[in-house]
Amino acid sequence: MREAKRKAIQQKPSYKWKRKALALLLVAFCFASLVLMETHTQIVSLSALRHRFIAKKKIAFLFIARNRLPLEMVWDAFFKGENRFSIYVHSRPGFIFNKATTRSVNFLNRQVNDSIQANWGEASMIEAERILLRHALTDPLNERFVFLSDSCIPLYNFSYTYNYVMSTSTSFVDSFADTKEGRYNPKMFPVIPVHNWRKGSQWVVLTKKHAEVVVNDTTVFAMFQQHCKRRSLPEFWRDRSFPVDPAKEHNCIPDEHYVQTLLAQEGLEGEVTRRSLTYSSWDLSASKDRERRGWHPVTYKYSDATPMLIKSIKEIDNIYYETEYRREWCTSKKKPAPCFLFGRKFTRPAALHLLDMSVLGVQNEAKSES
């Protein structure tokens, strides 16, 4: 009996040690579980933050306008529910986008505060582009820079447009060798040699690198200010000295040459998709005045705004450049794709009509294609 009690007394410390060891293991297990849960939470949080940061890379939409933006209702439908964009508007000096001049919250107070009087066919137009880029580059999240006029409309929804533009590392710049019209001014040589002279549409889409090149340029821009000027029209001769021979007067439209020539001059054409994403119809028979024929694209009015028109624009899949005997087949993500994401020039009634007919697809079309 005494022997049994002695054994029981000897076993008690052993039981206590086991209970303590088990308790320690449980504490360690709980602590390890908490550490793992916290680590997992941090990983998930970091992953979410990283995803949000990547998703917030933005496209800066740069509008060049006279005053108001007459097609703001179309752009409101395009931007609805999105936050991967920023807007900058260059209007005449002093014009403000407030509640009296716009009904759109997207364009409210989005005018630049140092705008200039920009006139077609003058270097002031490319200075307006540079002003817009300077403002847009202050936002580090802006990765692409899209130039648009106040008569432009989007042809697809935001998601499709965003993926199309962001899926490539190149700028989209309509650019080709200008060998026919003789707009190159020999006075630009040797700063701008003729083999770097290019022509194209001013409605370009630039990467951040190329936007910075434009903003930081002082050499090419100075040459354009001095030696790239539009030929005067007869109605302006009373305000200027009468040209000896109007036919021989030098004729250069700065905004049709500047970005293209600058990128060629800087040796950056290998980083450019040499076509525009904005459709314009240059109907040479549209004007009865031979002097103006072909100077401006066709303006689409209410009667022109049909589903067939938009369908015909969206079906364009290649562009031919006659001076270079070059056909540019349009692709996105290495697959055949429509050439154009935007169209101009549309009047307000035409744009409203297209929006009412839901043929632009600015809200829900082409999601499956992105």
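One is the number of the first residue; the rest follow in order along the sequence.
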CE/Met357 to CG/Leu352 distance, rounded to the nearest 0.5 angstrom? 11.0 Å
Taking all atoms of both residues into account, what is the closest heavy-atom pair of Glu324 and Ser175, and its distance? OE1-O, 4.4 Å
Does Lys80 come within less than 4.0 Å of Glu82, counting only side-chain N to carboxylate O? no
Do Val74 and Pro154 make a side-chain contact, defined as non-hydrogen atoms from C-beta onward lying under 4.5 Å apart? yes
Partners of Gln117 by side chain to side chain donor-acceptor pair (under 3.5 Å), sequence neighbours excluded? none
CD/Gln226 to CG/Asn185 distance, rounded to the nearest 0.5 angstrom? 10.5 Å
Rounded to the nearest 0.5 Å, what separation is found between the OG1 atom of Thr347 and the CG atom of Leu71? 8.0 Å
Step through it carefully: locate the ring centre of Phe107, locate the ring centre of Trp75, and say whether they are under 6.0 Å apart. no
List in chain and number order the residues that pass side-chain contact (heavy atoms from CB on, under 4.5 Å) with Thr168, two or more places apart in sequence or in another chain; answer none if no residue qualifies. Thr170, Phe172
Taking NZ, NE, NH1 and NH2 as the nitrogens, is one of them in Glu322 or Arg327 under 4.0 Å from a carboxylate oxygen of the other? no
With a 4.5 Å heavy-atom cut-off, do Phe95 and Thr101 have their side chains touching? yes
Among the clusters formed by ILVMFWY side chains lying less than 4.5 Å apart, do Val298 and Ile319 turn up in the same one? yes
Can you name the nearest heavy-atom pair linking Cys252 to His257, along with the distance? SG-CD2, 4.2 Å
Electrostatic pair Glu212-Lys208, nearest N-O below 4.0 angstrom: no
Are Glu271 and Lys209 ion-paired here, with the side-chain N under 4.0 Å from a carboxylate O? yes
Does a side chain donor of either Glu256 or Ser201 reach within less than 3.5 Å of an acceptor in the other side chain? no
Between Thr261 and Arg198, does any side-chain donor sit less than 3.5 Å from a side-chain acceptor? no
What is the minimum heavy-atom distance between Thr273 and Glu328, and which atoms define it? CG2-OE2, 4.4 Å
Nearest 0.5 Å, please: how far is OG in Ser167 from NZ in Lys334? 11.0 Å
For the residue pair Asp174 / Tyr321, report whether a side-chain donor-acceptor contact shorter than 3.5 Å exists. yes
Are side-chain N/O atoms of Arg92 and Asn67 paired as donor and acceptor at under 3.5 Å? yes
Does Val105 share a hydrophobic cluster with Met73, counting links as ILVMFWY side-chain heavy atoms below 4.5 Å and allowing steps through other members? no
Hey, mind stepping through Gln260 and Glu269 against side-chain contact (heavy atoms from CB on, under 4.5 Å) and telling me if it holds? CA-CA 9 Å; Gln260 293 82 354; Glu269 287 189 302; over 6 Å; no
So do the side chains of Leu141 and Arg84 get within less than 4.5 Å of each other, counting heavy atoms only? no
Less than 4.5 Å apart, any side-chain heavy atom of Met125 and any of Asn119? no
Centroid-centroid under 6.0 Å between Tyr302 and Tyr300 rings: no
Check: Arg130 side chain, Asn216 main-chain N or O, donor-acceptor pair, under 3.5 Å: no
Hey, are the side chains of Val194 and Phe189 touching, using non-hydrogen atoms and a 4.5 Å cut-off? no
Hey, is the main chain of Val191 close enough, under 3.5 Å, to the side chain of Gln265 for a donor-acceptor pair? yes
In Å, rounded to the nearest 0.5 Å, how long is the span from OH of Tyr160 to CG of Leu155? 10.5 Å
Of all heavy-atom pairs between Asp304 and Leu309, which one has the smallest distance, and what is that distance? O-CD2, 3.4 Å
Are the side chains of Arg326 and Tyr320 in touch, meaning some heavy atoms are under 4.5 Å apart? no
Is it the case that the side chain of Arg348 and the backbone of Pro70 share a donor-acceptor pair, with hydrogens and angles ignored and the cut-off at 3.5 Å? yes
Could you check Leu148 against Ile64 for side-chain contact (heavy atoms from CB on, under 4.5 Å), going step by step and ending with a plain yes or no? CA-CA 6 Å; Leu148 298 160; Ile64 297 179; over 6 Å; no
Does Ala136 have any side-chain contact (heavy atoms from CB on, under 4.5 Å) partners at least two apart in sequence or in another chain, and if so, which? Ala60, Leu62, Tyr88, Asn142, Phe145
Report yes or no: do Trp329 and Asn318 form a side-chain donor-acceptor pair below 3.5 Å? no
Between Asp178 and Thr323, is the side-chain contact (heavy atoms from CB on, under 4.5 Å) condition met? List the steps. CA-CA 7 Å; Asp178 181 25; Thr323 62; 6.0 Å; no
Taking the basic N atoms (NZ, or NE/NH1/NH2) and the acidic carboxylate oxygens, is any pair closer than 4.0 Å for Glu143 and Lys56? no
Hydrophobic cluster identity match, Leu137 and Leu206, side-chain contacts under 4.5 Å: yes
Would you check if there is a donor-acceptor pair between the side chains of Glu129 and Gln202 at a distance under 3.5 Å? yes
Before giving the answer on ring pair (Phe, Tyr, Trp, His ring centres under 6.0 Å), spell out for Phe85 and Phe79 the whole-Å C-alpha distance, their side-chain angles and the decisive distance to 0.1 Å. CA-CA 8 Å; Phe85 70 93; Phe79 291 129; 4.2 Å; yes
How far apart are the C-alpha atoms of Trp203 and Phe147, what are their side-chain angles, what is the distance that settles it, and do they pass the ring pair (Phe, Tyr, Trp, His ring centres under 6.0 Å) test? CA-CA 5 Å; Trp203 312 113; Phe147 281 100; 7.5 Å; no
Once you measure the plane-to-plane angle for Phe158 and Phe61, does it fall in the parallel (<30°), tilted (30-60°) or perpendicular (>60°) bin? tilted
Point-to-point distance, once rounded to the nearest 0.5 Å, from CZ of Phe346 to CD1 of Ile153: 4.0 Å
Side chains of Asn106 and Asp76: do they bring a donor and an acceptor to under 3.5 Å? yes
Whether the Ser171 and His210 side chains hold a donor-acceptor pair (N or O, under 3.5 Å, no angle test) is what I'd like checked. yes
Looking at Phe97, does the NZ or CZ of Arg110 lie under 6.0 angstrom from its six-membered ring centre and within 45 degrees of the ring axis? no
Would you check if Leu360 and Asn157 make a side-chain contact, meaning some heavy-atom pair closer than 4.5 Å? no
Here the pair of heavy atoms bringing Leu262 nearest to Val214 is CD2-CA, 3.7 Å
Looking at every non-hydrogen atom in both residues, tell me the closest pair between Ala337 and Tyr164 and how far apart they are. CB-CE1, 3.9 Å
I want to check a possible cation-pi pair here: Lys314 against Tyr156, using under 6.0 Å from ring centre and within 45° of the ring axis as the test. yes
Check step by step if side chain to side chain donor-acceptor pair (under 3.5 Å) holds for Thr102 and Ser104. CA-CA 5 Å; Thr102 180; Ser104 169; 4.7 Å; no
Could you check if a side-chain atom of Gln111 sits within less than 4.5 angstrom of a side-chain atom of Ser91, using non-hydrogen atoms only? no
Taking it one step at a time, do Lys57 and Met166 satisfy side-chain contact (heavy atoms from CB on, under 4.5 Å)? CA-CA 9 Å; Lys57 285 183 178 179; Met166 300 295 276; 3.9 Å; yes
Indicate if Ile116 and Tyr258 have the same hydrophobic cluster label, given that clusters are the connected sets of ILVMFWY residues with side-chain heavy-atom separations under 4.5 angstrom. yes
According to a 4.5 Å side-chain heavy-atom criterion applied to Ile, Leu, Val, Met, Phe, Trp and Tyr, with indirect links allowed, do Ile316 and Phe176 form part of one hydrophobic cluster? yes
